[in-house]
Number of protein chains: 2
Amino acid sequence: MNTKSYYSSYPKFHMAVDCIIFGFEEGGLSLLLQKRNFEPAMGEWSLMGGFVEEGESVDDAARRVLTNLTGLKDIYMRQVKAYGEVERDPGERVISAAYYALIDINKQDKELIKAHNAFWVKLDELPHLIFDHDQMVADALSVMREKALSKPTGINLLPEEFTLTQLQSLYEAILGEEIDKRNFRKRIAEMDYIEKTGHIDKLLSRRGAALYRLNPEKYSKDSKFKI
Amino acid sequence: MNTKSYYSSYPKFHMAVDCIIFGFEEGGLSLLLQKRNFEPAMGEWSLMGGFVEEGESVDDAARRVLTNLTGLKDIYMRQVKAYGEVERDPGERVISAAYYALIDINKQDKELIKAHNAFWVKLDELPHLIFDHDQMVADALSVMREKALSKPTGINLLPEEFTLTQLQSLYEAILGEEIDKRNFRKRIAEMDYIEKTGHIDKLLSRRGAALYRLNPEKYSKDSKFKI
DNA sequence: AATGATTAGTGTAAAAACAACACTTATTTG
DNA sequence: CAAATAAGTGTTGTTTTTACACTAATCATT
């Protein structure tokens, strides 16, 4: 019996991924958006997306789209959910899985971004996006913030060794709110896998600041983290 | 220009839904599983699934599968995520979105279930499931429990008017752990949208117990709920 | 009528977590 | 040597969470 025939009577659909690419810089997050210079919805703003290819997992498609646009590889991406309304894309039916990523706003291939007519837009200045992309962004933000509260998130955007001020800025950007410095440091001090390296940074401040790193040997999925 | 042609060069995929149907009864949750009497993976255990049809949203496909199996309509279902590994179904490539639902284990169409060769299995006695269905169940449980901690969940499984003991049993089943009675009642007392009706249940206990109901007019998405 | 069984209903106190808050220190620059 | 800058540090009050045990009402049994 030919196993390829079990499902042949069922319909097939275009499957896409849409990437919510958050860019971190001191002061807040931005989103990498595309001003569409192609149909459909030419001239409007949208997330960066792409179609899943034969023989490619949906996760891999998301990674490919991210790499094509930014040149970055091996970036943590997480699926938010799939969006499957019939008319979500008015052109033709497409089911799309949304993924988010968080990257350093200064570490991507500017040429590639320009070639795709993509721009960084601050989170609090977002234009209206096509289709259900506004919803995708809202969902992704909520998932990412939820995660950031209970797992170290985005530490890979900082240098290998970082100051607590840098770490706090990262968290303030992700959460979109200010954090009390003393309370923040108290909480970090409880996590033994974020450890002082003994090195001192002399570039970011006059006084100098202790450098820390995340010790991957001490960190596991069950390690406690609470901001 | 024919809008139907924008995407025509991209591949298409079978799109399925898999339903994690939790059944509530005093004492714990069960899962409605299918002992497959068809290929592929005949004889093995799996979630109840189905293919998305032309002109049908993915959400609607999940609702249809639930209705076909249980006879139940208008049940809250929530998507967990989409699963898109290339080889996840060894027969042929299928992308699947997982949805969970929580229903009353005594309120479904037993004939339909029998016709589908489906059975209720206690959560702590689950067999190994085919493909990535174990992962789907784990993910769904985690999403549902997360939700139950911050939103009233499953109250529709109780009678219109219910006792606090019933509500506590529901929550103990969902969370899979015992809850302190006094602390539980204290927390419920803080939610003004769960209100005493003034009626007394005389069936479930000798003493009789005050009946409560969820007042939908007082309840909104932003209402506080914390177990 | 009294006893036993069953489930409903109730409060307190200790511990832990969280939130608010301001000054001193080290260093560089002018 | 004064000014500027960012790092670093504790305490206190408030809120939240947890642990814990007895009385009340009713029905069934004898």
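Below, chains carry the letters A, B, ... as their sequence lines are ordered, and counting in each starts from 1.
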Asker: Please determine whether a side-chain nitrogen or oxygen atom of K226(B) lies at a distance below 4.0 Å from atom OP1 or OP2 of dT16(D).
Answerer: no

Asker: Cut-off 3.5 Å, no hydrogens considered: what does the side-chain donor-acceptor table look like for residues 100-107 of chain A, sequence neighbours left out?
Answerer:
{"unit_1": "D104(A)", "atom_1": "OD1", "unit_2": "N106(A)", "atom_2": "N", "d": "2.8"}

Asker: Given the ring of Y76(B), does K147(B) sit roughly above its face, with NZ or CZ under 6.0 Å from the centre of the six-membered ring and within 45° of the axis?
Answerer: yes

Asker: L204(B) has an atom CG; how far is it from atom P of dG9(C), in whole Å?
Answerer: 11 Å

Asker: So, R213(A) and T197(A): side-chain donor and acceptor under 3.5 Å apart, yes or no?
Answerer: no

Asker: Count the heavy atoms belonging to other residues, nucleotides or ligands that lie under 6.0 Å from CD of E195(B), then report whether that count exceeds 12.
Answerer: yes

Asker: May I have the distance from R187(B) (atom CZ) to dG11(C) (atom P), rounded to whole angstrom?
Answerer: 17 Å

Asker: W45(B) vs F119(B) aromatic rings, parallel, tilted or perpendicular, using cut-offs 30° and 60°?
Answerer: perpendicular

Asker: Is there a donor on the side chain of N183(A) or the base of dC18(C) sitting less than 3.5 Å from an acceptor on the other?
Answerer: no

Asker: Going by number, which of residues 151-167 of chain B have a non-hydrogen atom under 4.0 Å from DNA chain C?
Answerer: T165(B)

Asker: Round to the nearest Å and state the distance from E178(B) atom CD to dC20(D) atom P.
Answerer: 13 Å

Asker: Quick one, give me the B/S/- string for nucleotides 21-30 of chain D, reading 5' to 3', where B means a protein heavy atom under 4.0 Å from the base and S means that only happens at the primed atoms, P, OP1 or OP2.
Answerer: B--BBBBS--

Asker: Specify the separation, in whole Å, of atom CZ of F184(A) and atom C1' of dA20(C).
Answerer: 18 Å

Asker: Over how many whole Å does the gap from K224(B) atom NZ to dT16(D) atom C1' extend?
Answerer: 13 Å

Asker: With a cut-off of less than 4.0 Å, is there a side-chain N or O of K186(A) near OP1 or OP2 of dA19(C)?
Answerer: no

Asker: More than 12 foreign heavy atoms under 6.0 Å from NZ of K122(B): is that the case here?
Answerer: no

Asker: Mark yes when over 12 heavy atoms from residues, nucleotides or ligands other than E125(A) sit less than 6.0 Å from its CD; otherwise mark no.
Answerer: yes

Asker: Do T163(A) and D201(A) get their side chains close enough for a donor-acceptor pair, meaning under 3.5 Å?
Answerer: no

Asker: Figure out the CG/C1' separation between D180(B) and dG11(C), and round it to whole Å.
Answerer: 12 Å

Asker: Report the distance from atom CZ of F225(A) to atom C1' of dA17(C), rounded to the nearest whole Å.
Answerer: 16 Å

Asker: Just the rounded figure in Å: distance from C1' of dT18(D) to CZ of R185(B).
Answerer: 18 Å

Asker: Less than 4.0 Å between a side-chain N and a carboxylate O, is that true for D132(A) and R88(A)?
Answerer: yes

